[in-house]
Amino acid sequence: MSDNATSESASEKPEVAVEPTAPVPETVTLSIDGIEVTVPKGTKVIEAAKQAGKVIPHFCYHPGLPVDGNCRMCIADVRTWNPRAEKHMPARRPAVTCWVDAEDNMQVFTDTPEVLKSRATVMEFLLLNHPVDCPICDKAGECMLQDYYMLHDRQRSEVRDEKVHKPRLVPFGDRILYNGERCILCSRCTRFTEHVTGTHELGIVNRGDRAIVEVVEGGDFANAYTDNVADICPVGALTKTDFRFKKRVWFLKHTESVCGGCSRTCNTVVDHDREEIIRIMPRERPGVNDFWICNEGRDLYKELAATERPAAASLAGKDQASAEDVIAWIGEGLAAHKKEGRERLAVIGSSWMSNEEAWLLGHLVGKGVKGQHLAVKTDRVDGYPADDVLHTDDHNPNRLGASASGIAPGKKDGKDLAGILAAAQAGEIDTLIVWGPGLAHDWGGDDAVAEALAKVARVIQLTDAVDAVTPLAHAVIPLRNWAERDGTWTNVDGFHSRFKKALRPPKGAWDGFELLLAIADAGGLKSPAKNLREARKKLKQDPELQAREFLDGRFEFPGNQTGFRHLGGVLET
Amino acid sequence: MEPAFVVVALLNLGFVLGLLLNLGGLLTWVERKQAAVMANRIGANRAYIPIPIPGKDGIRWYKRFTLIGLFHGIADAIKMLTKEDFTPPFVDRFVFNLAPWFAVIPVLVTFAVVPFGGPFIPGVMLEEVLLFVGADGLAATAHDFFGDTTFQLQLADLNVGLLFVFAMGGTGVFSAALAGWSSNNKYALMGALRSSSQMISYEVFMGMAILGLLVIYGTVDMGLIAQMQGDVWFGFIPTWGVFVQPHMFVIFLVAMMAENKRVPFDMPEAESELVAGYFTEYSAMKMGLFMMSEFIEIAVIAGIVTSLFFGAYHVPGVHAVTDVWYWTQHPELVPGNLVFGATVPHVVVVVMRVLSFLCKLAFFCWFLVLIRWTLPKFRYDQIMRLGWKILLPISILNLLLTAIVLAVVGS
Amino acid sequence: MTDFGRNPGFRNLVDGPVLPESAYPGEFTEGEIVTYYNPEKMTWVERMYIPYVLSGLAITAGRFFSNMAQWAVWFFAWIRGKGAETKRGTVTIYYPEEQRPDFSPVNRGKHILTQRPSGDPQCVACYMCATACPAFCIHIVAGEHPDPQIEKYPVRFDIEIDKCIFCGYCEEACPVDAIRLTTDVHLVDYKRQRMVYDKDFLLTWKPTVVEDEHIYPGDRPRED
């Protein structure tokens, strides 16, 4: 999804006719409330204002959707430059800034008294029939209508007639509920189905005060991205059944995270409260997921909660083994293998490891050394099918990143997954380290795994979930899952995304990176990095990684490019 | 040693110990109840002794036998005896355990020199009583046993009496100092330092204040001082210390209160600053001993002030046959037991005197509690300034003036 | 459905003129400035302490004796069975045996939940009270009401009354007048577990009735 709807619509617009002698400027410079900004040609004024730090209020405009301009909230005083008269032409009426392209020498005033009054009038119209039922509305707290009422309206309703009644609690598929009374008919949802998913399920029917959003006849609103319409709905007309009455949004804590549902690694925000994930929301990340995530990614927290996790570290032949015992045991084993018999050690990495963990594990066992067996397995099998919007056919996030960072077979004689299986069955492997669950899929079923592992002297599993390997493993150490630790994943296009710790990990669960450091300490191995920060720095400078084309030279960790609105703060999107 | 002397000493001892220990408990109740009444409240009234009342449907328990809160002292004692006696691991155990006894014992011992009934003749007294009830044989035996010897209603008739009081008061400093030092706690140490400096400072002019009186009396024997206050001037003014030197009474009382370490002189404890001062680390009965010593000290102060300034056991106009000093001053009067000129049995005078002493003691206990619940706490520098800059000069000046006046007028 | 739209108490905060309001009309003259100050130095008499100590002692001792006299008067009246009518030397009362009926009608005590005519709670589980609560003592679990006109209702509504500080913010925050604080203050129990009031308890409130104005010990047997 490299090109999004905005650039598409922008490129479709006919270019402004200019003098043939004058060179076509790539950028235009305009002033927003006296602040000069330079933006690429074709940028809308509302986007230019955002760059100047002025957020122009809006309902129907969305940077990820084609411009519609029906809500009239983004009006501002826009004065164009007349080159012949050599002066700014006074505006006859406020202009809709989401529709107007930025021009050179343009003057925009966003907070003149006339503009403010016009906005208040627009708000009054929008609220004419709104059934101010915020107490029972799930959107309350992140509702643009609420926020803009407090910022731009603040007047009493003068309507004395009964408000218009429309259908309420209309199900749009399984996941969305529509409340026609709250709807302000901004058409964000219909444009989403039209331009992003291309499924055309939603449409606005009827006219005047009977206009409502409906699922088109014979259709079912059941595509893989339906929940996005509830996110982009500026009011509480479309709400998610999954989040319905679960929590008021102001209780939620927001942590930046990444979806691991497929190798797209959409950037998300994990909304959690009292050490429990309440919902997962998309986070803006151009080039990866833009503004959207799929329904599977939103439901990933349920999968996380349903996962059976190893209770505590265990060591075969020892009751009540502490994690330190197990770590010492593993460390000694690794050190022994490093001295002699490197080819009798195999490491099966996970496609859910972070880049840092993969890098450190690869270094500890001798990445790229001759005769080193390193392979990445498939942890998660089931998921949504691949489509043109976001979803890929790999249901694991970091296969590419893990293998690029360090979990790749050695140069010569290094075995891949199938090779390790064959070697294990032949009894040529003494120690097998398995990271994470799901080996059974790659090795052809639980029985095949059991058969192969029976011939391995030491099976070590470091995992955040129990699978067929866990009862057979000689040593198990519980790990933290993606919601409980920090790390980066590299997606199928080579973009890196960083996820942060959202929840408090359960007792005894180890951070993968710290665990590897502890193992290195216990085995007397030399660790290439002392902490996560240093590991990231070295990872960034790794010539081998830089040589990879897909890394594109930018190993950057995006900052707060949030796609969600902060309560009471700056309104975005 | 004569057996009669031993018997009288044991009786005295029993009386004094019974009086002090009971007063210590009773004063906790007095403090609570009096503070409550002064503040329009009810005060402690919940502790009760359940009394079973058998009825038709089993035993009912009567739970309102509270005796206007008198059982709270008993409840306190039971609580402090049964609570965990926790000794922190960082303290100096020996000194830590020693300190509470330094608080209680000097206070108890101080009362030994307080004359609470003056000289009396137990042989005569018992004979009179037994004759009155009709046990003639017993009366003769009692007279034979005790003889006509004069004894003192005073535990120890020391000729250094008042110095003994000061000595014991000085020993009291040890309790605070040792407790604060051994607790190994900053608050406790701070409290101990304040306590030491405050008590030592106030002992200086406590002695100075009393010197003027001693110059007049010419003795430090508490029994003699008490006897000398039995006279009357101009027929109606008793020769009590308070009428001799009233300003010194005020200063002496202030000094004694500072020794007691209670509000308004509670710098060493200072709940708002030092947790509980020098006994911060103490718990259970060890803490209880500190508290008890404070309450007993109220009674002791009341006793000393009474015997020095308020005529001890004397009731004006009541004289016993044993008042040697009185008869030497008034040789024209016939010696005898007189109540406003009327001759009465010896026992009547003795009982009147003991009751008189107890009433004065009770009044001063009440007065000290009244002061404690009226005045706010001093600041530390105010206490020191008051002591060294005001009270001490006044005491010295008074001593000087008294000496000059005595020298001029002649004794 | 409930019309939340017309709130008569709403003020136009942008354009409306701000009128000067006097909080207590008639209590102070307008423009009057009352200054209280302490003199910098104490006078000679004040520095002597003793007159002021004596006057303080006189006040407290006077209070002591007058109260004791009143107690004595009350005691003899009580012996004659007229304890209830006679004034005592205190302003306090023996609490569990005697209870005061004269709480202010706006006293903030125990919470109640108001009801719809059907008996359902008026509450729509909007969490406004839980949000406003400074003691975090209100716990709500919202649920889907079978009546689509009501839509949202509290499945559970628990108030930890031992945490509550009775500030009344929940009452003020409530948009539907579902929670109120009554004058009932007798919120005592021997078990901390019983100090959590659930929805049913809050909906079925019976006020504590104090019949007599003053009931003194001995006049009514204690039930224990």
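Numbers restart at 1 for each chain; the letters A, B, ... are given by sequence-line order, proteins then strands. As a basis for the values below, the full set of heavy atoms in this structure was taken, side chains included, without hydrogen atoms, waters or symmetry mates.
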Legend entry - Stepwise side-chain contact (heavy atoms from CB on, under 4.5 Å) test for C:Thr131 and A:Phe251: CA-CA 8 Å; C:Thr131 308; A:Phe251 292 121; 3.4 Å; yes
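- Under a 3.5 Å cut-off, the side chain of A:Arg244 and the backbone N or O of C:Gly143 do not form any donor-acceptor pair.
- If you measure heavy-atom distances from C:Ile140 to chain A, you find no contacts under 4.5 Å at all.
- The two residues C:Met128 and A:Trp250 come nearest to each other via the heavy atoms CE-CH2, 3.7 Å.
- The stretch residues 173-183 of chain C participates, sequence neighbours left out, in these side chain to side chain donor-acceptor pair (under 3.5 Å) pairs: C:Asp177-C:Arg180.
- Distance check: A:Leu169 CG to C:Glu144 CD gives 6.5 Å after rounding to the nearest 0.5 Å.
- The number of heavy atoms from other shown groups lying within 6.0 Å of CG (A:Asp174) does not exceed 12.
- More than 12 heavy-atom neighbours from other residues, nucleotides or ligands sit within 6.0 angstrom of CZ on C:Arg194.
- At most 12 non-hydrogen atoms from other residues, nucleotides or ligands lie less than 6.0 angstrom from NZ of A:Lys117.
- Between C:Pro175 and A:Pro135, the closest heavy-atom pair is CG-CG, 3.7 Å.
- Between the CG atom of A:Asp133 and the NZ atom of C:Lys152 there is a distance of 10.5 Å, given to the nearest 0.5 Å.
- Two residues are said to be in side-chain contact when any heavy atoms from C-beta on lie closer than 4.5 Å; C:Tyr127 and A:Lys247 fail this criterion.
- C:Val124 approaches A:Ile136 most closely through the heavy-atom pair CB-CG2, 3.5 Å.
- A 6.0 Å sphere centred on OH of C:Tyr169 holds no more than 12 heavy atoms belonging to other residues, nucleotides or ligands.
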